[in-house]
Amino acid sequence: MASLLVKNIKSLSLCKLNTQTPLRGKEMSTWNSIPMAYLLVEEGIIKAFGPMADAPSNADEIVDATGKYLLPSFVDSHTHLVFAGSREMEFVERIKGTSYEEIINKGGGILNSAKKLADTSEELLYEQAMTRLQKVMALGTGAIEIKSGYGLSYEAELKILRVIKKIKQNSPIPVKATFLGAHAIPVEYRARRQDYIDLLLNEILPVIAEEELADYIDVFCEAVAFSVDETREIIRAGKAHGLKAKIHTNQFNSMGGIELCIDEEAISVDHLEVMNDAEINKLAKSSVIGTMLPSAPFFLSDPYPKGRKMLDQGVALALASDYNPGSSPSGNMQLVISLACIKSGLLPEEALAAATINGAFALELQDQVGSIDIGKKANFLLTNEIPSIAFLPYSFGENVLDQVYVNGKKI
Ligand code: NIG
Ligand code: FE
């Protein structure tokens, strides 16, 4: 049996959580860690851990982690990893003063990416997405969600979902797939929105169910995209096909998306740049996870989510990258953690919990990843020799990881 022993770990972080629910409030910063610890992996699974005094003396492979922190890999619970081309010209337009919403209304934005995707083969999409996956894994991502939503037609939505399925089959880290056909209304449907929704629900969704192409359903519930009533119809149709909801809302508007997600028992509501007190209160009392995506407001120069307030009120907060070509062309979870601390007022410990165990709950992968617990996958990170865990978000824009392990193997 192939075994790996990591010894002399300066601190084994986010260990022995054994939690059945996402962390909230004080739990976000008071999680267990063990100073001067060991970790034993067998066949890619966490087998044992504890203080060095109890470490086994032998293993097939031994790694000395003197001076280094060991933490669970990040769980990136919201990405649009499969896309074609790039949109740096819109980035330049925005620098010159055009807003993201104005670009959307002019037929750019998501529709621009959809045009590019329609002209790109399944093979090339797959190759490019796998390259991105390798890159984010090297930066610490150990489980990921990937959305469709740059297809926006029968053929292209199924194409992107089949690419995601192939990534899922070949990825060394767990992947969850989300159907986001309701990402934007294609231009030709602008005068007959319901026809587009009918296409999504009556034609595409049955194929998704038949070919098992998605785990979740998502809608961009915003004034520039889908209304609350439209979102409700789509969520309910998804549910009827066994897909739980993970919804984009409150990026630009408070329009009832939060209440809807609570009523419809969504797994998560994502973005949350714009949240009023009543919405924070309701979200805190619900079991819906609130996912902040701070690299989007960073890239778009928008207000950041009120993370401190949401956490203090008791919202179960997760953090994800939103990796996509329009509002976050980066899947770097270390930067996301820094931004959550710097711009949303989370403590380093809180941001780390949001990016690991709570992200795992946001993908229903809490039995496999998100903490150092016996029986979970040995997807973990070893930092450089750093003075404290706060050094991770503090040294923003840098890669503080010395080694990344996936299924007990160094990558
Ligand atoms: O999460 N907000 C909607 N979707 C993405 C952006 C998509 C794009 O601009 O291509 C997001 O920010
Ligand atoms: Fe997104």
Side-chain angles (χ1 to χ4, degrees), residues 76-94 98-118 120 129 132 136 144-152 156-157 160 164 176-186 216-226 230-231 234 245-253 255 257 261 266-274 289-305 318-331 333 336 339 359 362-363:
D76 193 350
S77 62
H78 179 140
T79 85
H80 310 248
L81 191 80
V82 181
F83 57 85
S86 55
R87 304 216 311 257
E88 73 278 12
M89 290 310 157
E90 292 179 1
F91 167 67
V92 176
E93 261 185 74
R94 283 195 296 101
T98 313
S99 76
Y100 180 70
E101 283 148 298
E102 280 162 357
I103 291 170
I104 293 178
N105 289 329
K106 281 198 294 188
I110 295 162
L111 298 179
N112 184 352
S113 287
K115 266 182 236 136
K116 295 185 207 280
L117 188 127
T120 307
R132 286 180 204 121
V136 297
I144 195 165
E145 182 250 21
I146 309 175
K147 299 173 193 295
S148 70
Y150 289 122
L152 309 181
E157 273 301 304
I160 185 170
I164 298 170
K176 290 275 179 126
T178 301
F179 174 44
L180 176 56
H183 199 187
I185 297 269
Y216 300 109
I217 191 154
D218 192 349
V219 180
F220 190 20
C221 180
E222 285 289 341
V224 289
F226 292 83
E230 290 167 340
T231 304
I234 297 164
K246 288 173 71 68
I247 301 295
H248 281 80
T249 196
N250 289 55
Q251 181 178 9
F252 308 117
N253 301 98
M255 50 186 250
C261 288
I267 290 282
S268 70
V269 277
D270 301 22
H271 267 298
L272 315 181
E273 282 90 325
V274 178
I289 293 171
T291 304
M292 305 196 296
L293 312 165
S295 35
F298 170 70
F299 190 69
L300 299 180
S301 300
D302 280 343
Y304 288 84
L319 277 172
S321 75
D322 199 16
Y323 195 177
N324 77 74
S327 67
S328 176
S330 160
M333 286 293 285
V336 168
L339 289 172
L363 293 183

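No hydrogens, no waters, no symmetry mates; every other heavy atom, side chains included, goes into these values. Note that ligands are numbered from 1 as they come in the structure, with each ligand's atoms numbered from 1 the same way. Positions are given from 1, in the same order as the sequence printed here.
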inquiry  = Quick test of your reading: applying salt bridge (Lys or Arg N to Asp or Glu O under 4.0 Å), list the pairs with at least one residue in residues 76-93, sequence neighbours left out, ordered by first then second residue.
reply    = Arg87-Glu90, Glu93-Lys106

ask   = With His80, which of Asn324, Asp218, Ile110 fulfils side chain to side chain contact (heavy atoms under 4.5 Å, CB included)?
value = Asn324

request  = Write down, by chain and number, every protein residue that brings a non-hydrogen atom to less than 4.0 Å from an atom of ligand 1.
outcome  = His78, His80, Arg87, Tyr100, Ile110, Tyr150, His183, Phe220, His248, Gln251, His271, Asp322, Asn324, Gly326, Ser327

query = Does Gln251 reach the main-chain N or O of Val274 with its side chain, forming a donor-acceptor pair under 3.5 Å?
reply = no

request  = Tell me, with the steps shown, if His78 and Asp322 meet side-chain hydrogen bond (donor to acceptor under 3.5 Å, both in side chains).
outcome  = CA-CA 5 Å; His78 179 140; Asp322 199 16; 2.9 Å; yes

ask   = How about His271 and Thr249: do any of their side-chain heavy atoms sit closer than 4.5 Å?
value = no

request  = Any pair with a residue in residues 290-305 that passes salt bridge (Lys or Arg N to Asp or Glu O under 4.0 Å), sequence neighbours left out, goes on the list, sorted by first then second residue, please.
outcome  = none

remark   = Atoms listed for the Fe ion (ligand 2) (protein only, N, O or S, under 2.8 Å, no waters) are His78 NE2, His80 NE2, His248 NE2, Asp322 OD1

key: Glu157 (side chain) donor-acceptor with Gly151 (main chain) under 3.5 angstrom   = yes

task = Verify the neighbour count for atom CZ of Phe299: are there more than 12 heavy atoms of other residues, nucleotides or ligands below 6.0 Å?
result = yes

message = By the definition side chain to side chain contact (heavy atoms under 4.5 Å, CB included), identify the one residue from Ser327, Ser321, Pro325 that meets it with Tyr323.
response = Ser321

